[in-house]
Amino acid sequence: MAESNDSIPLDTEKIYLGGKEHHVRTRCGSLSVIVYGDQDKPALITYPDLALNHVSCFQGLFFCPEAASLLLHNFCIYHISPPGHELGAAPIHASASAHCVDDLADQILEVLNFFGLGAVMCMGVTAGAYILTLFAMKYRERVLGLILISPLCRAPSWTEWFYNKVMSNLLYFCGMSGLLKEFLLQRYFSKEVRGNAEVPESDIVQACRRLLDERHGSNVMQFLLAINRRPDLTGGLKRLRCRTLIFVGDNSPFHSEALHMTSKLDRRFSALVEVQACGSMVTEEQPHAMLIPLEYFFMRYGLYRPCQLSDSPRSPLSPSCISPELLSPESMGLKLKPIKTRVPLAV
């Protein structure tokens, strides 16, 4: 890692389960980056959705033993938080200039340069997926692959724009109010885990609600305003050089966005995985559904889970388990074809 006075390593192992926090100064302010693992390994960077950080957005995936063994065995993880979204963040002053999505994408480049990283693997959720896609379009040589969960790629529809304006007004006048948190939980999770009058909220929703209590409304509003002014990336998708794996829950409010993005990517280098009965945050709601597609995706890069864990009946790493169809050149060079986890019903 490059040495610089711009980094302030904190002793946060108890909080981050072995990760270390660094504050990286960028042209648009300081960013919190939590680093897990051996920095000599290839890098995987993550970027969360609106009002979330690595704890509330990726903890479910990294606490899944099989997924953790795959990711931590092969990568050093760099969890990037949007400005003001890290644990313990101070409020962003109202007079601070608002960032645009290009500023947020450029901050990622500055983080990579600070740590001396070359080309990296990227994983983002919804708004974070948009920022990483924009980064990949601007700095193609710095991205090995994209793993996008319920991504955005178009400019906001009128419905989304209006919904975001309502949330920004709530943030401005009421801060992180109960109503705002309900809007956000609907954005993240399916109704099956959000509960109702008869069924209580699931543990993951309750945990997310508690973490949202720690967010400052002004910080969330900065990210929301940037996302609500985002440009359409559709025209540049076919020029992406990296392989792309997209996950989306079929109950996600951004399901149609994921389908649109998949249709515009080069089919040779992209795949879509639809997860049944799941909202936007597949990483939290159904992280096990990501395991096998991720393994096939990483095979193309010569990356595997540790041998002692490859005996799982769910693991595709045994050659006898790999269908010849999945090994065909048409299968995007990833040993993976577009997957749906539900079977269409005959009409």
Side-chain angles (χ1 to χ4, degrees), residues 47-52 56-57 82 85 98-102 104-105 124-134 137 148-196 205 208-209 212 215 217-237 246-265 272-285 340 342:
Y47 209 101
D49 191 18
L50 176 72
L52 303 177
S56 47
C57 199
H85 282 54
H99 301 315
C100 67
V101 290
D102 279 288
L104 300 177
V125 177
T126 311
Y130 178 94
I131 299 300
L132 291 177
T133 303
L134 177 60
M137 294 173 67
L148 307 176
I149 297 94
S150 304
L152 305 172
C153 73
R154 291 180 286 192
S157 65
W158 281 111
T159 302
E160 186 197 345
W161 181 88
F162 178 76
Y163 194 84
N164 289 345
K165 288 297 288 184
V166 170
M167 287 202 295
S168 64
N169 285 334
L170 282 171
L171 285 165
Y172 183 79
F173 291 106
C174 307
M176 293 297 290
S177 63
L179 180 57
L180 178 81
K181 283 183 279 189
E182 291 302 324
F183 280 152
L184 289 171
L185 292 173
Q186 290 176 24
R187 174 189 179 98
Y188 306 147
F189 299 109
S190 67
K191 61 183 179 182
E192 284 82 1
V193 296
R194 292 202 312 272
N196 51 47
V205 176
C208 186
R209 187 185 294 276
L212 288 175
R215 298 280 79 76
S218 58
N219 301 7
V220 176
M221 188 161 67
Q222 287 264 2
F223 194 13
L224 178 60
L225 292 175
I227 289 298
N228 212 29
R229 295 194 296 259
R230 67 183 187 269
D232 193 330
L233 301 182
T234 301
L237 291 177
I246 296 176
F247 295 91
V248 65
D250 64 0
N251 291 334
S252 168
F254 307 107
H255 182 264
S256 62
E257 278 286 307
L259 297 182
H260 170 79
M261 185 173 187
T262 304
S263 72
K264 301 303 180 182
L265 288 165
L272 170 68
V273 180
E274 292 181 271
V275 182
Q276 190 172 15
C278 188
S280 299
M281 275 214 293
V282 184
T283 50
E284 292 294 309
E285 200 168 335
K340 297 180 77 170
R342 60 186 179 189

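On a predicted model such as this, the values are computed, not experimentally measured, just so you know. No hydrogens, no waters, no symmetry mates; every other heavy atom, side chains included, goes into these values.
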Trainee: Can you tell me how far apart OG (S190) and CD (Q276) are? Round to the nearest 0.5 Å.
Mentor: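 Atom-to-atom, S190:OG and Q276:CD are 11.0 Å apart.
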Trainee: Measure the spacing between CE of M167 and CG of L179 and express it to the nearest 0.5 Å.
Mentor: 10.5 Å
Trainee: Which heavy-atom pair separates R209 from K181 by the least distance, and what is that distance?
Mentor: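 Looks like O-CD, 4.2 Å.
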Trainee: Identify the heavy atoms of V101 and I227 that sit nearest to each other, and give their distance.
Mentor: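 Heavy atoms of V101 and I227 come nearest at CG1-CD1, 4.2 Å.
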Trainee: With a 3.5 Å distance limit and no angle check, can you tell me whether T262 reaches the backbone of A258 through a side-chain donor-acceptor pair?
Mentor: yes
Trainee: Taking the side chain as everything from C-beta on, heavy atoms only, tell me whether C208 gets closer than 4.5 Å to L52.
Mentor: yes
Trainee: Output, in order, the C-alpha distance, side-chain angles, deciding distance and verdict of side chain to side chain contact (heavy atoms under 4.5 Å, CB included) for D250 and H255.
Mentor: CA-CA 6 Å; D250 64 0; H255 182 264; 4.3 Å; yes
Trainee: Please report the interatomic distance OG(S168) to CH2(W161), rounded to the nearest 0.5 Å.
Mentor: 8.5 Å
Trainee: Can you see which heavy atom on M176 is nearest to which on V220, and at what distance?
Mentor: SD-CG2, 4.1 Å
Trainee: Evaluate L272 against F247 for side chain to side chain contact (heavy atoms under 4.5 Å, CB included), listing each step before the verdict.
Mentor: CA-CA 6 Å; L272 170 68; F247 295 91; over 6 Å; no
Trainee: First locate atom OH of Y188, then atom CD of E284, and finally report the distance between them rounded to the nearest 0.5 Å.
Mentor: 11.0 Å
Trainee: Determine all donor-acceptor pairs shorter than 3.5 Å in which one atom belongs to a side chain in residues 124-133; sequence neighbours excluded.
Mentor:
| from | atom 1 | to | atom 2 | distance (Å) |
| --- | --- | --- | --- | --- |
| T126 | OG1 | S150 | O | 3.2 |
| Y130 | OH | P231 | O | 2.7 |
| T133 | OG1 | A129 | O | 2.8 |

Trainee: Would you say C153 and L237 make side-chain contact, with heavy atoms under 4.5 Å?
Mentor: yes
Trainee: Please examine the side chains of M261 and L152, heavy atoms only from C-beta on, and report whether any two atoms are closer than 4.5 Å.
Mentor: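 In short, these two side chains do not touch, never coming nearer than 4.5 Å.
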Trainee: Any heavy-atom pair between the side chains of L180 and L171 that's under 4.5 Å?
Mentor: yes
Trainee: To the nearest 0.5 Å, how far apart are OG in S280 and CG in L50?
Mentor: 11.5 Å
Trainee: Among H260, R154, K264, which residue meets the side-chain hydrogen bond (donor to acceptor under 3.5 Å, both in side chains) test with T234?
Mentor: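 Single side-chain hydrogen bond (donor to acceptor under 3.5 Å, both in side chains) partner of T234 among H260, R154, K264: H260.
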Trainee: Quick one: CD on E257 to CD1 on I246, what's the gap to the nearest 0.5 Å?
Mentor: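 Going from CD on E257 over to CD1 on I246, the span is 10.5 Å.
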Trainee: Hey, mind stepping through K191 and N196 against side chain to side chain contact (heavy atoms under 4.5 Å, CB included) and telling me if it holds?
Mentor: CA-CA 8 Å; K191 61 183 179 182; N196 51 47; over 6 Å; no
Trainee: Could you tell me which residues satisfy side chain to side chain donor-acceptor pair (under 3.5 Å) with N164, sequence neighbours excluded, listed by chain and number?
Mentor: E160, N228
Trainee: Would you call P82 and P48 a side-chain contact if the rule is heavy atoms closer than 4.5 Å?
Mentor: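 Sidechains of P48 and P82: in contact.
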Trainee: Show the nearest heavy-atom pair for residues E285 and F189, with the distance to one decimal.
Mentor: OE1-CA, 3.6 Å
Trainee: Going by the rule side chain to side chain donor-acceptor pair (under 3.5 Å), which residues pair with S263 if we only count those two or more places apart in sequence or in a different chain?
Mentor: none
Trainee: If every non-hydrogen atom of V193 is compared with every non-hydrogen atom of V205, which pair is closest and at what distance?
Mentor: O-CG2, 3.3 Å
Trainee: Measure across R215 and A51 and return the closest heavy-atom pair with its distance rounded to 0.1 Å.
Mentor: CD-O, 3.1 Å
